[in-house]
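Structure record follows, encoded as structure tokens.
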Amino acid sequence: MKARRKIWIPVVTALMRKDGLVLLGQRPKGSLQGQWEFPGGKIEMGETPEEALKRELQEELGVTATVGDLRLATTHTYGDRGVLILFYDVRFWKGEPKSQHHVDLMWVKPEEIHRQEIPEANRKILAQLTAILNS
Ligand code: DGT
């Protein structure tokens with residue numbers, strides 16, 4: 001049997017902060033169901049990472065965001081596919097985030113993220129993420 005070709009998927013996520021808290025969304029039915037992630041998703045062909053994140057935040061939360069600086073990048077492999085995840089600061093947006101994709105949304109203290117079920121890709125780098133979120 002022919003082996004399935006391994007692929008890399010570029011993903012952008014938002015570190016959305018308000019009053020010392022950061023926004024997490026609970027993943028709906030599908031892969032990593034129920035896990036609490038940073039809002040975001042895959043970069044489509046032809047988009048810049050910033051355009052992709054702005055689109056995802058509009059689609060998922062209904063907000064018009066100003067995408068800030070790239071703060072961290074990591075890779076993680078799930079079986080035969082890998083993700084390259086780029087984490088961006090997002091401090092300004094228009095509208096109130098509403099869950100249009102996630103099962104639920106919550107604002108948490110950076111120190112409390114580790115108590116939640118989160119994607120392994122994020123748990124691996126949680127110390128770095130927490131440091132960024134507290135900076
Ligand atoms: P799927 O079902 O895994 O093909 O992807 P979707 O469409 O349900 O999920 P999407 O578009 O959010 O893809 C993001 C991929 O990156 C997905 O494999 C999960 C992974 N990932 C790991 N950590 C995070 C995170 O904090 N936020 C987001 N959005 N994705 C994450």
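Numbering of ligands and ligand atoms starts at 1, following listing order. Predicted model, so just to flag it, every value in this text is computed and none were measured.
- For E37 and H102, the side-chain atoms include at least one donor-acceptor pair closer than 3.5 Å.
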Side-chain donor-acceptor distances from residues 64-72 under 3.5 Å, at least two apart:
from: T64; atom 1: OG1; to: Q58; atom 2: OE1; distance (Å): 3.0
from: R71; atom 1: NH1; to: D89; atom 2: OD2; distance (Å): 3.0

Short N or O separations between ligand 1 and the protein, below 3.5 Å:
from: ligand 1; atom 1: 2 (O); to: S31; atom 2: OG; distance (Å): 2.8
from: ligand 1; atom 1: 3 (O); to: S31; atom 2: OG; distance (Å): 2.6
from: ligand 1; atom 1: 3 (O); to: R81; atom 2: NH2; distance (Å): 2.6
from: ligand 1; atom 1: 4 (O); to: K42; atom 2: NZ; distance (Å): 3.0
from: ligand 1; atom 1: 4 (O); to: R81; atom 2: NH1; distance (Å): 3.3
from: ligand 1; atom 1: 4 (O); to: R81; atom 2: NH2; distance (Å): 3.4
from: ligand 1; atom 1: 5 (O); to: K42; atom 2: NZ; distance (Å): 2.9
from: ligand 1; atom 1: 7 (O); to: K42; atom 2: NZ; distance (Å): 3.0
from: ligand 1; atom 1: 8 (O); to: R27; atom 2: NH2; distance (Å): 2.9
from: ligand 1; atom 1: 9 (O); to: R27; atom 2: NH2; distance (Å): 3.2
from: ligand 1; atom 1: 12 (O); to: R27; atom 2: NH1; distance (Å): 3.4
from: ligand 1; atom 1: 23 (N); to: N122; atom 2: OD1; distance (Å): 3.2
from: ligand 1; atom 1: 26 (O); to: F38; atom 2: N; distance (Å): 3.1
from: ligand 1; atom 1: 26 (O); to: N122; atom 2: ND2; distance (Å): 2.8
from: ligand 1; atom 1: 27 (N); to: E37; atom 2: OE1; distance (Å): 3.4
from: ligand 1; atom 1: 27 (N); to: F38; atom 2: O; distance (Å): 2.8
from: ligand 1; atom 1: 29 (N); to: E37; atom 2: OE1; distance (Å): 3.1
from: ligand 1; atom 1: 29 (N); to: F38; atom 2: O; distance (Å): 3.3
from: ligand 1; atom 1: 29 (N); to: G40; atom 2: O; distance (Å): 3.4
from: ligand 1; atom 1: 30 (N); to: E37; atom 2: OE1; distance (Å): 3.4

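- Residue F92 places its CZ atom among 12 or fewer non-hydrogen atoms of other residues, nucleotides or ligands, all under 6.0 Å distant.
- The two residues K18 and W107 make their nearest non-hydrogen contact at CB-CZ3, 3.7 Å.
- Between T77 atom OG1 and E120 atom CD the span is 11.5 Å, to the nearest 0.5 Å.
- Residues V63 and K94 form no side-chain contact, since every pair of their non-hydrogen atoms from C-beta on lies 4.5 Å or further apart.
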